[in-house]
Amino acid sequence: GIQVEQSPPDLILQEGANSTLRCNFSDSVNNLQWFHQNPWGQLINLFYIPSGTKQNGRLSATTVATERYSLLYISSSQTTDSGVYFCAVPAQGGSEKLVFGKGTKLTVNP
Amino acid sequence: DGGITQSPKYLFRKEGQNVTLSCEQNLNHDAMYWYRQDPGQGLRLIYYSQIVNDFQKGDIAEGYSVSREKKESFPLTVTSAQKNPTAFYLCASSIEGTDTQYFGPGTRLTVL
């Protein structure tokens with residue numbers, strides 16, 4: 001099945017710094033999602049981004065489907081950005097089942 | 001307010017006992033999912049259901065069972081056959097034909 005790898009596994013920042021999280025996937029996909037899991041466990045959809053670039057406030061994401069990777073940019077990080085960021089892709093073409101990476105744990109210190 | 005609710009938030013169980021985790025959604029979504037999350041790991045799919053009275057095994061279904069008698073509800077039973085049930089369990093739902101999933105707040109199960 002499709003494999004999803006995220007890097008780095010852990011990231012520690014000072015408030016105000018910028019960061020880039022990466023998601024590589026092993027096969028062609030028609031969709032990719034980024035999620036944020038807060039320290040209490042709640043997962044929130046950030047982006048649904050099969051290709052191209054999207055922006056939402058201080059966060060933006062870019063997916064280059066032909067090269068099988070996606071990047072999540074966080075600018076001017078805040079302590080509330082702390083948590084784990086996951087990317088997920090469909091298990092196979094058109095599938096509603098998702099395959100998740102192991103996540104990047106982000107800690108933003110004041 | 002529309003959303004997904006899971007209960008209880010924390011659950012403790014003795015070895016050898018079955019326990020049922022609740023998941024309810026009022027989003028009118030057709031598909032529902034159960035995931036397991038272990039520390040430092042991603043989410044792994046246990047079971048999913050795309051329609052009432054039908055469900056399929058995910059990647060780690062052994063030791064778990066589900067039912068889907070109503071569109072709004074998708075309870076998960078962790079049976080005594082599950083060898084290592086201590087984990088964080090997340091329920092999700094999505095609209096038929098899409099793969100954008102929305103998650104509940106989770107249930108943290110601890111086996112004593």
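Everything numeric here is computed off the predicted structure, so don't read it as measured data. Protein chains get the first letters and strands the later ones, always in sequence-line order, with residue 1 at the start of each. Note that these values count all heavy atoms, side chains included, but never hydrogens, waters or copies made by symmetry.
Using non-hydrogen atoms only and a strict 4.5 Å limit, no part of residues 60-79 of chain B faces chain A. Near-neighbour residues of residues 33-57 of chain B relative to chain A, defined by a heavy atom under 4.5 Å from a heavy atom of that chain, comprise B:Tyr33, B:Tyr35, B:Gln37, B:Gly40, B:Gln41, B:Gly42, B:Leu43, B:Leu45, B:Tyr48, B:Gln50. Heavy-atom neighbours of chain B within the stretch residues 34-54 of chain A, taken at a separation under 4.5 angstrom, comprise A:Phe35, A:Gln37, A:Trp40, A:Gly41, A:Gln42, A:Leu43, A:Asn45, A:Tyr48. Below 4.5 Å, heavy atoms of chain B meet heavy atoms from A:Phe100, A:Gly101, A:Lys102, all part of residues 99-110 of chain A.
Hydrophobic clustering places A:Leu32 together with A:Ile2 (ILVMFWY residues linked when any side-chain heavy atoms are closer than 4.5 Å, directly or through intermediates). Cluster annotation: A:Leu72 is connected to A:Leu13 through the hydrophobic network of ILVMFWY side chains, with a link wherever side-chain heavy atoms come within less than 4.5 Å. Using a 4.5 Å cut-off between side-chain heavy atoms of Ile, Leu, Val, Met, Phe, Trp and Tyr, with links allowed through other members, B:Tyr89 and B:Leu11 fall into the same hydrophobic cluster. In the hydrophobic cluster analysis, where Ile, Leu, Val, Met, Phe, Trp and Tyr join through side-chain heavy atoms closer than 4.5 angstrom, B:Leu90 is grouped apart from A:Tyr85. The cluster map of Ile, Leu, Val, Met, Phe, Trp and Tyr, joined by side-chain heavy atoms under 4.5 Å apart, puts A:Val4 and A:Leu11 in the same cluster.
B:Ser94 touches chain A through its side chain: at least one heavy atom from C-beta onward sits under 4.5 Å away, while N, CA, C and O do not.
Atom CD of A:Glu5 is surrounded by 12 or fewer heavy atoms from other residues, nucleotides or ligands within 6.0 Å.
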